[in-house]
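Chain naming here is simple, since letters A, B, ... match the order of the sequence lines and numbering starts at 1 in each.
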4 protein chains.
Amino acid sequence: MGSAKTSNKHKQILDAAATIFSQKGFHQARMDEIAVMAEVAKGTLYYNFSSKSLLFAATVTEGMEEIVRKVRAELVSDLPFPEHFHLLVSTIVRLYMQHSDLAHIIFNELSSGIDDEVLVEIERVRSRFIDFIAEMLSWGQQKGYIKNIDLKLSAVALAGIIDSVCSHILQNPDEGSEEKAVETLYDILSSGLLGG
Amino acid sequence: MGSAKTSNKHKQILDAAATIFSQKGFHQARMDEIAVMAEVAKGTLYYNFSSKSLLFAATVTEGMEEIVRKVRAELVSDLPFPEHFHLLVSTIVRLYMQHSDLAHIIFNELSSGIDDEVLVEIERVRSRFIDFIAEMLSWGQQKGYIKNIDLKLSAVALAGIIDSVCSHILQNPDEGSEEKAVETLYDILSSGLLGG
Amino acid sequence: MGSAKTSNKHKQILDAAATIFSQKGFHQARMDEIAVMAEVAKGTLYYNFSSKSLLFAATVTEGMEEIVRKVRAELVSDLPFPEHFHLLVSTIVRLYMQHSDLAHIIFNELSSGIDDEVLVEIERVRSRFIDFIAEMLSWGQQKGYIKNIDLKLSAVALAGIIDSVCSHILQNPDEGSEEKAVETLYDILSSGLLGG
Amino acid sequence: MGSAKTSNKHKQILDAAATIFSQKGFHQARMDEIAVMAEVAKGTLYYNFSSKSLLFAATVTEGMEEIVRKVRAELVSDLPFPEHFHLLVSTIVRLYMQHSDLAHIIFNELSSGIDDEVLVEIERVRSRFIDFIAEMLSWGQQKGYIKNIDLKLSAVALAGIIDSVCSHILQNPDEGSEEKAVETLYDILSSGLLGG
DNA sequence: CATGAATGAGTCTTCATTCAT
DNA sequence: AATGAATGAAGACTCATTCAT
């Protein structure tokens, strides 16, 4: 070991970056602050990631990939589609709440001011997440469980509705629990708002 | 005169601010740029609004109030609830697309870095919009059209799902038209995804 | 007055810049130092000149133009060519010694590290100086005083020989006076080294 | 062995340093870049040369000594002085063009920003080169070929005129060949500009 | 001998804000 | 009411140098 453990500074930095970026957003995050939290010198940040933008990209990419991996892992089930769909929603909600940092980044800071190159990279990651959801819906559609509807837009809608509800209960912790959120979301998504 | 026609510079500035803030977001927007677009000197910005944060707050507040006013105006109808609900969705979508600037601001830049005082003000405006939707849903619920569901969370979900879909088609103009967006959204919201 | 005197800060900065740039060269000069010497805030530097490179370019350009103007002014004479040529040499030497700052900059810091755009601008100024000398030599050639020789190369040679000798006596003040330099240079340039 | 073959890394570094320093000048040269070109680790640079300044000094010193050695070697001739002088000029020009790297360094980067100690060392080397030329002129003067003129200043002038002309044709390859440069220089130096 | 990850002092540059006019 | 020159605090990034291995 030694060559196997490629400097844990790398990971320290990414962890600190995820925390700071999610707390403050890209533009308000300060490299100094990240360095302090990572317990490395500022130069070390730049030795490992050549710019703030690239550090941001790495943070988002690695974090997002981990989340998608986790969702996939948990969804390996033989449940009937409705239960499977419920599991999808609840899993995404749970992971969103756990990694609200990253979620926040991805859903709230795709605006301008970041290197185009990096923006494209992040958009690519986000797109892969949407595609993953669309793929799942497609599978349900083939089984006859999902109505005839635009899958890409539906996936986008699914991501958006989960984002807004989770964001809301994170910011207003008193107004609702995770369970309630999952039920409301499943309710809406499975049978719509109408139908009292 | 005086309070009625508070110098038209005031309006010029707000218009320019809306454009710039929406294009770049709060942190990336530059006071210089706003001044140039408003065709006033930079000092005039500060003569009319004492800080960047306050200018932002004014921009969002005034813009938002105008939108809510418009939605309210268009929804004065005696249609049966389902049609009324469809009208709600299509109206919000249309106004979102028209004022994507503001929508973008409100949905994407509520993160940190802004004076708490201002943040609270904006949150208050946003909240009023959510409440307006919830109120509409409540009315539908009383009429027996909306199922027994948490109205606040549902309103949040409604705003979120519209935001994500509209954002998506704005960024990918080729992947869908406004009409398709409205139909997909109404489809999901009225009867859910399930039920193929 | 007021609008006529376009802020003397501009000139203060250029003067300070000329001094610092000539003492330390482009890369070693610090904007802070220039600001302090110009008795303005650092921001004022950037308000007047948008970058270090551009400040450098302005310094060199304005200084150089002043020198060329002076040389031209002093050379308006009806002397016979040999005396005229002697005057040319002595004038250039005198101005070089007076503005050794700028001379140093122009002859010693045309190396890399500066924005290409700026480098080109400076090269253009330098070129104009060379052309001015060549023009003078051409005039002498037409009068039959200058031998049949490449005028551009001769102008370059003239500038180079003056530069090296002036540089030398500036760095070794004990080894020669300005008068001696002028005589040696005139001696070499008028009748060559050979011919003892 | 050991002192004779001080690790060939030593030479690799000096070669790379000569290239980089001459391309970019002292201040713009980066130790990283030199290390990469020398194909050694950055630490190895510091193992062999304790600082950037010292590496620069070593580069200049060793290179310069090699050049002076070569000039001396080629000038061992029994030619009559005029031909000998012509040979001196053409040899210096040829070596200048061959080692334009070093020439550039020596003539263009004697400004500030380098350790005084190192600056003095380099000035010493430069001085030795001037003295070598002066010595040659002195020899010609004794033979009655060189007029009664300040030899040190003349040597400085000779170096300067060669530098400027060579620099010029290096930067404007189309405006003149090496041969033309030699002839122009010899023309000026042997019989002056005047005398059409 | 050789390495390269780590360091942090030092720089340029940006931009909200002020204030004399 | 309006201006815009001036400010200076704050932040991203560079790079010579060190040192544990």
Side-chain angles (χ1 to χ4, degrees), chain A residues 2-3 6-10 12-13 27-35 38-55, chain B residues 2 6-10 13 27-36 39-56, chain C residues 2-3 6-10 12-13 27-35 38-55, chain D residues 2 6-7 9-10 13 27-36 39-55:
Chain A
S3 82
T6 351
S7 165
N8 60 337
K9 305 257 169 177
H10 194 89
Q12 283 174 42
I13 292 170
H27 294 300
Q28 289 319 95
R30 306 296 159 211
M31 291 300 265
D32 288 48
E33 210 175 356
I34 295 175
E39 292 179 323
V40 298
K42 209 182 340 172
T44 308
L45 252 53
Y46 286 89
Y47 184 76
N48 286 277
F49 302 91
S50 46
S51 75
K52 186 183 179 185
S53 285
L54 252 29
L55 174 55
Chain B
T6 352
S7 158
N8 64 335
K9 305 255 171 181
H10 194 90
I13 292 170
H27 295 302
Q28 290 318 95
R30 306 295 160 218
M31 291 299 266
D32 287 53
E33 216 174 350
I34 294 173
V36 168
E39 292 177 325
V40 299
K42 211 177 351 166
T44 308
L45 254 52
Y46 285 88
Y47 185 78
N48 286 275
F49 302 91
S50 49
S51 77
K52 186 185 180 184
S53 287
L54 253 29
L55 173 56
F56 183 67
Chain C
S3 78
T6 350
S7 163
N8 61 335
K9 305 258 170 178
H10 195 89
Q12 283 174 39
I13 292 170
H27 295 299
Q28 288 321 94
R30 306 293 158 218
M31 291 300 265
D32 289 46
E33 212 175 353
I34 294 175
E39 292 179 321
V40 298
K42 210 175 348 165
T44 308
L45 253 51
Y46 286 88
Y47 183 75
N48 285 276
F49 302 91
S50 48
S51 76
K52 186 183 179 185
S53 285
L54 252 28
L55 173 55
Chain D
T6 351
S7 160
K9 305 255 172 181
H10 194 89
I13 292 170
H27 295 300
Q28 289 318 94
R30 307 294 162 218
M31 293 299 266
D32 287 53
E33 215 175 351
I34 296 174
V36 168
E39 291 178 324
V40 298
K42 215 189 332 181
T44 310
L45 253 50
Y46 285 88
Y47 187 78
N48 286 274
F49 302 91
S50 46
S51 78
K52 186 185 179 183
S53 287
L54 253 27
L55 173 56

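One atom, CG of Leu45(B), and another, P of dT3(F), lie 10 Å apart when rounded to the nearest Å. In this entry the distance linking CZ of Phe49(C) with P of dA6(F) reads 11 Å, nearest Å.
Side-chain proximity of Ala41(C) to dG8(F), dC1(E), dA1(F): nearest is dG8(F). Residue Lys9(A) places its side chain closer to dA6(E) than to any other of dT7(F), dA6(E), dT3(E).
dC1(E) and dT21(F): their C1' atoms are spaced 13 Å apart (whole Å).
Side-chain nitrogen and oxygen atoms of Asn48(D) include none within less than 4.0 Å of the OP1 or OP2 phosphate oxygen of dC1(E).
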Practice task
With pairs defined as Watson-Crick or G-U wobble and both distances under 3.5 angstrom, please note down DNA chain E as a dot-bracket string, | for pairing with another strand.
Solution key: .||||||||||||||||||||

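In terms of the side chain to side chain contact (heavy atoms under 4.5 Å, CB included) criterion, residue partners of Phe49(C) (sequence neighbours excluded) are, by chain and number, His10(C), Ile13(C), Leu14(C), Leu55(C), Ala58(C). In terms of the salt bridge (charged side-chain N to carboxylate O under 4.0 Å, His left out) criterion, Glu39(B) has no residue partners (sequence neighbours excluded). With sequence neighbours excluded, the residues that form a side chain to side chain contact (heavy atoms under 4.5 Å, CB included) with Ser51(D) are Ser53(D), Leu54(D).
A salt bridge (Lys or Arg N to Asp or Glu O under 4.0 Å) check over residues 41-52 of chain C, counting only residues at least two apart or in different chains, returns the pairs Asp32(C)-Lys42(C).
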Between protein and nucleic acid, restricted to nucleotides 10-13 of chain E and to nitrogen or oxygen atoms under 3.5 Å apart, what atom pairs and distances do you find?
from	atom 1	to	atom 2	distance (Å)
dT11(E)	OP1	Arg30(C)	NE	3.2
dT11(E)	O5'	Arg30(C)	NE	3.2
dC12(E)	OP1	Ala29(C)	O	3.2
dC12(E)	OP1	Lys52(C)	NZ	3.3
dC12(E)	OP2	Met31(C)	N	3.2
dT13(E)	OP2	Tyr46(C)	OH	2.9
dT13(E)	OP2	Lys52(C)	N	3.0
dT13(E)	O4	Lys42(C)	NZ	3.0

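When all heavy atoms of Thr44(D) and Lys9(D) are compared, the closest pair comes out as CG2-CD, 4.5 Å. Minimum heavy-atom separation, Leu45(D) to Met31(D): CD2-O, 3.3 Å.
Of the residues near DNA chain E, Tyr47(D) and Glu39(A), the one whose nearest nucleotide (by heavy atom distance) lies more toward the 5' end is Tyr47(D).
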